[in-house]
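Taking it in order: structure first as structure tokens, then the write-up.
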Amino acid sequence: MFQLSLKRKIYLGFGIILMLVFGNALAVYFGSKRIARVFDRMSQIEAINAVVLRMDRDVQELRLRADRFVYSGRESQSNAAKEIFDRLRVNIDAATQQQTDPEMVTLFGQIDSRVTEYAKHFDAVIVERKIRQDLVEQQLPVLVQQIEDQMATLSTRLAGSGVTDQRLALVRSQSAFSKAEKFLLRYFENPDGELVESSVGAIHDAVRQLGEIEGLQGEVDAIVEAIRDFESVGLRAVQATRSYLFLRNVVIAGEESEVSYYSAQLRSRAETRREFIASELAATSNRVRLFSWGIVVTAVGLSLLIATRLALLIVTPISELTQTFERLSSGEVLADVPGTRRTDEIGKMATAARIFSDQNLRTRELLEQSQQLGVELREQANLLQATNEELDSFAYVASHDLRSPLRGIKHLAQWIEEDVREDLSSEGEVYLDNLKTRVGKLEVLLEDLLDFSRVGRIEPAVEIVDVGSVLENIADMVSNPHEIRIDWPSDLPEFETVRAPLEQVFMNLIGNAIKHNDKGPQGVVSVTWSAAGDCFEFAVQDNGPGIDAANFDRIFQMYQRVGDTSIEGSGMGLAIVKKQVEFFGGKICVTSQIGQGTRFIFTWPCRLPTKPSEAVCGAVS
């Protein structure tokens with residue numbers, strides 16, 4: 001083995017170690033796959049437990065809703081209970097379809113059948129309660145009022161006849177009927193068979209007492225018939241109450257117990273499976289761990305053996321080479337490098353160190369050259385900064401110096417107009433008007449050129465900007481002689497940015513939309529927005545004459561104008577808009593159809609990544 005070259009010895013040693021590591025990786029891989037399968041089974045069991053827990057919660061809520069319905073009779077409680085029934089059936093169906101265990105499928109099927117029966121019986125409870133409620137709260141009070149009114153009428157007639165015995169019989173009948181009503185109402189509050197018997201006895205007593213009244217047989221018969229109706233309705237209400245209580249206390253309670261029983265069976269079965277899978281998972285994990293540790297210990301032992309042997313062969317020369325390279329890395333140039341006479345890999349490394357020494361010498365020479373270049377670069381940077389300052393000064397001076405003669409020309413034109421306007425010919429007046437117009441256009445052009453050159457050249461003031469307030473200011477400032485409507489939504493964003501450039505973009509787009517709109521008072525300019533990732537997307541749309549698609553790129557160029565050339569403007573507005581939007585990392589585009597209006601869409605960052613430059617607002621063109 002040790003007759004091999006140093007490189008092959010190292011490769012062989014690392015090859016053995018890699019084989020052991022690969023074997024360990026295979027063991028871990030297959031063990032992990034088995035553990036993953038067991039985990040999947042465990043997840044299924046946990047999912048079943050989650051379904052069963054949800055079912056238990058639904059059953060408890062169902063019992064609560066049913067009890068609330070029993071005591072309140074509110075339709076909202078019965079509707080909530082029905083929703084729970086539907087949810088239970090949906091959950092049971094979904095869980096059944098995911099099962100492969102026949103016993104679990106059978107248990108879910110039994111719970112499903114019990115829940116279905118539970119729902120049917122609950123519907124019967126609702127029906128019985130409605131019948132009972134109608135009898136007790138509607139029909140019985142009407143009959144009681146009718147009987148009391150008839151007895152009051154009969155009492156009035158007997159009072160006029162002066163027959164004391166008959167009046168006494170009526171009073172006893174009224175008392176007996178009142179007792180019958182009270183016994184019946186007490187039964188509805190606290191069902192007891194003796195109260196029903198007492199109520200029926202009191203009704204018979206009331207009828208018997210009415211039989212002692214003579215001479216007013218028609219009125220007496222009507223009262224007796226009403227009392228019999230009361231007795232019939234009352235007994236039907238008693239029967240409905242008993243049926244309702246039987247369904248509520250016996251049938252519903254039994255169904256709840258059945259559902260709870262099967263739910264407990266499901267939990268028990270799921271827990272048993274979970275414990276079995278947990279034990280299987282623990283056994284698998286232990287096997288994988290033990291096998292992995294065995295391979296790791298073997299790999300570590302072999303690695304130590306191989307490392308020790310290789311260290312004896314290469315540590316000393318490598319140490320010497322390390323010291324050599326440390327000296328070389330500090331920039332030294334060595335006259336002699338140890339080990340260059342060897343023919344093995346160490347010798348090759350020593351030769352490389354010799355080359356490294358030569359490179360240090362070359363690097364030292366290049367460093368001196370780079371220092372010289374650095375000095376020249378700083379000088380060029382200073383010249384560039386001075387050039388930029390001169391450009392800013394030139395832009396200001398050029399604008400100021402050009403404006404002065406323009407103002408002089410403008411004032412001369414005004415003086416000529418004031419002094420000799422009446423003596424000018426019509427052609428002279430046209431020339432004078434053209435002179436004034438072109439001077440104004442040249443002033444606007446100079447201002448726009450200055451604004452265009454300043455975009456991105458001035459440090460900004462970052463602030464919280466409310467786009468709604470920006471549009472309000474623009475609507476107040478912009479020239480709108482035809483009173484074109486400007487619309488924007490109430491939920492425009494408020495975010496941290498630079499106000500002036502954004503306001504300039506909106507001012508140019510809205511101003512252009514108003515100037516070029518040919519609809520007069522029917523003209524509309526609409527501003528809309530939406531969130532688009534880390535940007536806001538704004539759109540300014542009008543119902544003006546539109547722009548030909550062939551001019552979409554041209555309108556963003558300097559001095560380019562389309563549409564009605566009689567409208568004032570320098571052709572710089574959209575160029576400034578495009579430069580401002582793109583300077584802040586946004587994009588702008590246009591869509592339009594001739595005769596149907598134009599829509600400008602641009603994006604603006606929600607948050608500025610760095611401190612941008614603030615552009616100076618310019619005139620609308």
Side-chain angles (χ1 to χ4, degrees), residues 447-448 450-478 485-516 524-542 544 547 552-558 560 569 571-592 597-621:
E447 185 67 28
D448 287 348
L450 186 60
D451 292 338
F452 188 81
S453 67
R454 286 177 176 175
V455 173
R457 301 288 297 277
I458 300 177
E459 291 300 323
V462 179
E463 59 182 298
I464 300 298
V465 177
D466 182 358
V467 180
S469 68
V470 170
L471 296 181
E472 289 178 1
N473 293 337
I474 292 174
D476 293 337
M477 292 188 301
V478 72
R485 192 171 79 250
I486 306 174
D487 295 334
W488 62 82
S490 61
D491 61 343
L492 284 167
E494 183 176 348
F495 63 104
E496 188 178 50
T497 186
V498 286
R499 183 185 184 93
L502 182 62
E503 190 170 38
Q504 183 184 25
V505 170
F506 276 116
M507 173 71 81
N508 277 281
L509 294 177
I510 294 174
N512 279 349
I514 291 175
K515 283 197 309 181
H516 292 279
V524 178
V525 178
S526 300
V527 179
T528 57
W529 77 284
S530 64
D534 56 354
C535 293
F536 293 119
E537 183 177 279
F538 298 98
V540 178
Q541 183 169 356
D542 61 68
I547 301 173
F552 283 176
D553 293 332
R554 180 167 167 258
I555 59 175
F556 292 108
Q557 299 174 8
M558 296 174 60
Q560 299 299 318
M572 291 289 294
L574 291 179
I576 294 174
V577 167
K578 179 176 172 56
K579 190 172 182 180
Q580 291 281 31
V581 170
E582 292 180 349
F583 175 75
F584 287 97
K587 296 180 179 180
I588 185 168
C589 63
V590 61
T591 60
S592 178
T598 304
R599 178 182 177 89
F600 286 92
I601 305 167
F602 70 93
T603 58
W604 198 269
C606 302
R607 181 180 297 275
L608 300 179
T610 57
K611 188 175 181 182
S613 297
E614 180 183 16
V616 179
C617 294
V620 176
S621 62

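Quick caveat, the model's predicted, so the values are computed rather than measured. For the single chain, residues carry numbers from 1 onward in sequence order.
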Rounded to the nearest 0.5 Å, what's the gap from CZ on F600 to NZ on K578? Could you check?
-> 12.0 Å
Evaluate the side chain to side chain contact (heavy atoms under 4.5 Å, CB included) criterion for residues V581 and F556: first the C-alpha distance (whole Å), next the side-chain angles of each, then the deciding distance (0.1 Å), finally the verdict.
-> CA-CA 12 Å; V581 170; F556 292 108; over 6 Å; no
Those residues that, when tested against S592, pass side chain to side chain donor-acceptor pair (under 3.5 Å) (two or more places apart) | T598
Distance-minimising heavy-atom pair for E472 and W488 = CG-CZ2, 3.5 Å
Check whether any side-chain heavy atom of N512 lies under 4.5 Å from a side-chain heavy atom of K515, and answer yes or no.
-> yes
Kindly write out the residues that satisfy side chain to side chain donor-acceptor pair (under 3.5 Å) with D491, not counting sequence neighbours, or none if the list is empty.
-> W529
V465 and V498 have their tightest heavy-atom pair at CG2-C, 4.4 Å
Return the set of residues passing side chain to side chain donor-acceptor pair (under 3.5 Å) with E494 (not counting sequence neighbours), or none when no residue passes.
-> none
Closest heavy-atom contact between A532 and E537?
-> CB-CB, 4.5 Å
Please name the pair of heavy atoms, one in A513 and one in V525, separated by the smallest distance, quoted to 0.1 Å.
-> CB-CG2, 3.7 Å
Roughly how far apart are F584 CZ and L502 CG, rounded to 0.5 Å?
-> 9.0 Å
Any chance you could measure I588, atom CD1, to E582, atom CD, to the nearest 0.5 Å?
-> 8.5 Å
Would you say the ring centroid of F602 lies under 6.0 angstrom from that of F506?
-> yes
Reported CD-to-CD1 distance for the pair Q541 and I601, which is rounded to 0.5 angstrom | 8.5 Å
So how far is it from R599 CZ to L509 CG, rounded to the nearest 0.5 Å?
-> 12.0 Å
Which atom pair, heavy atoms only, marks the closest approach of N473 to R499?
-> ND2-NH2, 2.9 Å
Value for CD1 (I547) from CD1 (I555), rounded to nearest 0.5 Å, stands at 4.0 Å
Listed by chain and number, what are the salt bridge (Lys or Arg N to Asp or Glu O under 4.0 Å) partners of E496, not counting sequence neighbours?
-> R607
Side chain to side chain donor-acceptor pair (under 3.5 Å) involving T603 - partner list, sequence neighbours excluded = none
With sequence neighbours excluded, what pairs up with D466 under the salt bridge (Lys or Arg N to Asp or Glu O under 4.0 Å) test?
-> none
Flag side-chain contact, heavy atom, 4.5 Å: I510 against V540 = yes
Shortest non-hydrogen contact from T497 toward W604 = OG1-NE1, 3.0 Å
